[in-house]
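Below is one structure; the comments refer to it alone.
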Amino acid sequence: ASILDLHSGALSLGKHFVNLYRYFGDKVQDIFTEEDFALYRDVRKRIQQKIAQAFGISSAAMYLTKPTFFSRINNTEAKTTHDEYWHPHVDKVTYGSFDYTSLLYLSDYTEDFAGGRFVFMDAGSNKTIEPRAGRVSFFTSGSENLHRVEKVHWGTRFAITISFTCNPDHGIGDPVL
């Protein structure tokens, strides 16, 4: 699994992270454009509004929280515990500040990769989401939503995780170039 956090510039690289913003300096604008960041902000706002609507809360009471990241998952063997994305977990436990988690899929199950489906682990029966480019799934981040991602068997699964908190002390601004 590889992740990129646009806020901090952190990019996972094997067992370490590199900071793209420091590494590329002013040349980072050859990689990202202001239009890229504007698109991110627009998508984040639209997801935030949909979550607020679905859960009957004000979007103004929701704050973007970290980490927000792009993920790339393939069938490469895990090098670190961080790479072991397939373990069941609860986002509120893992990340602390998360109250609502969203995933925007950027690739298609069975066309771009196999495995990699998102699984809610319910007592009665699991609920599985098949990623499709452009599909957004969102849920509350507490223990009511224990979940995991299946191991990817072939190809590459791309997604972006955007999460929100209701605690303004944990809120962050949108990333800037």
Side-chain angles (χ1 to χ4, degrees), residues 1-19 40 43-45 47-107 109 113 115-131 135-152 157-175:
S2 300
I3 64 165
L4 168 62
D5 179 352
L6 280 181
H7 291 88
S8 67
L11 173 66
S12 61
L13 183 65
K15 295 181 179 183
H16 306 284
F17 281 86
V18 295
N19 186 311
Y40 169 87
V43 168
R44 189 266 312 150
K45 286 177 189 174
I47 291 171
Q48 183 175 353
Q49 290 168 348
K50 288 296 183 186
I51 293 172
Q53 181 182 24
F55 289 102
I57 61 175
S58 167
S59 64
M62 297 170 57
Y63 306 89
L64 184 64
T65 193
K66 64 181 178 180
T68 291
F69 53 90
F70 289 86
S71 61
R72 173 188 169 273
I73 302 173
N74 59 27
N75 65 345
T76 304
E77 188 174 327
K79 294 181 178 85
T80 69
T81 303
H82 169 77
D83 293 336
E84 295 178 4
Y85 56 85
W86 54 84
H87 297 293
H89 68 279
V90 171
D91 288 349
K92 185 76 171 171
V93 173
T94 303
Y95 297 108
S97 65
F98 285 24
D99 289 317
Y100 298 94
T101 304
S102 73
L103 291 152
L104 169 59
Y105 298 104
L106 304 172
S107 54
Y109 174 72
F113 61 92
R117 295 180 305 172
F118 187 94
V119 181
F120 286 106
M121 303 183 70
D122 294 332
S125 67
N126 292 343
K127 307 285 189 279
T128 302
I129 297 172
E130 292 182 356
R135 177 177 282 170
V136 176
S137 64
F138 54 84
F139 50 94
T140 55
S141 305
S143 60
E144 67 280 4
N145 284 314
L146 177 68
H147 61 276
R148 67 181 183 86
V149 173
E150 295 173 332
K151 286 184 181 181
V152 171
R157 176 190 188 267
F158 292 98
I160 180 171
T161 300
I162 302 175
S163 298
F164 300 93
T165 182
C166 293
N167 183 340
D169 293 339
H170 295 292
I172 60 173
D174 285 315

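- Note: Arg157 CZ to Tyr85 OH = 8.5 Å, rounded to the nearest 0.5 Å.
- Side-chain atoms of Phe98 and His170, non-hydrogen and from C-beta on, never get closer than 4.5 Å to each other.
- Phe70 places a side-chain heavy atom less than 4.5 Å from the side chain of Leu6.
- Looking at heavy atoms from C-beta onward, Tyr40 lies in side-chain contact with Pro175 at the 4.5 angstrom threshold.
- Judged by distance alone, the side chain of His147 and the main-chain N or O of Asn145 form a donor-acceptor pair under 3.5 Å.
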Between His7 and Phe69, does the side-chain contact (heavy atoms from CB on, under 4.5 Å) criterion hold? Intermediate values first, please. CA-CA 8 Å; His7 291 88; Phe69 53 90; over 6 Å; no
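- How far CD1 of Ile172 is from OH of Tyr63: 13.5 Å, rounded to the nearest 0.5 Å.
- Shown here are the salt bridge (Lys or Arg N to Asp or Glu O under 4.0 Å) partners of Lys66, two or more places apart in sequence or in another chain: there are none.
- The shortest heavy-atom contact between Tyr105 and Ala159 is CD2-CB, 4.2 Å.
- Residues satisfying the side chain to side chain contact (heavy atoms under 4.5 Å, CB included) test with Ser12, not counting sequence neighbours, are Ser2, Ile3, Phe17.
- Contact check for Phe158 versus Pro131: no side-chain heavy atoms found under the 4.5 Å cut-off.
- In terms of heavy atoms, Lys50 sits closest to Phe138 at O-CZ, 3.9 Å.
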Extract all donor-acceptor atom pairs below 3.5 Å that involve side chains of residues 115-125 and protein atoms in other chains or at least two apart in sequence.
unit_1 : atom_1 : unit_2 : atom_2 : d
Arg117 : NE     : Glu150 : OE1    : 2.9
Arg117 : NE     : Glu150 : OE2    : 3.3
Arg117 : NH2    : Glu150 : OE2    : 2.8
Ser125 : OG     : Lys127 : NZ     : 3.4

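- Of the possible donor and acceptor atoms, one in the side chain of Ser58 sits under 3.5 Å from a partner among the backbone N and O of Ala60.
- Using a 4.5 Å heavy-atom cutoff, the side chains of Ser102 and Leu104 are not in contact.
- Side-chain atoms of Tyr95 and Ser141, non-hydrogen and from C-beta on, never get closer than 4.5 Å to each other.
- Checked against salt bridge (Lys or Arg N to Asp or Glu O under 4.0 Å), Asp99 has the following partners two or more places apart in sequence or in another chain: Lys92.
- Interatomic distance, Phe139 CZ to Glu144 CD, rounded to the nearest 0.5 Å: 9.5 Å.
- At least one donor-acceptor pair under 3.5 Å links the side chain of Asn19 to the backbone N or O of Ser8.
- Closest heavy-atom contact between Asp5 and Pro67: OD2-CB, 4.2 Å.
- Judged by distance alone, the side chains of Thr165 and Thr65 never bring a donor and an acceptor atom under 3.5 Å apart.
- Partners of Leu11 according to the side chain to side chain contact (heavy atoms under 4.5 Å, CB included) rule, which considers only residues two or more places apart in sequence or in another chain, are Leu4, Val18, Leu20.
- Just one residue in the list Thr68, Ile51, Leu103 forms a side chain to side chain contact (heavy atoms under 4.5 Å, CB included) with Ile162, and that residue is Thr68.
- With sequence neighbours excluded, the residues that form a salt bridge (Lys or Arg N to Asp or Glu O under 4.0 Å) with Arg44 are Asp174.
- By the 4.5 Å heavy-atom criterion applied to side chains, Phe164 and Ile47 are counted as neighbours.
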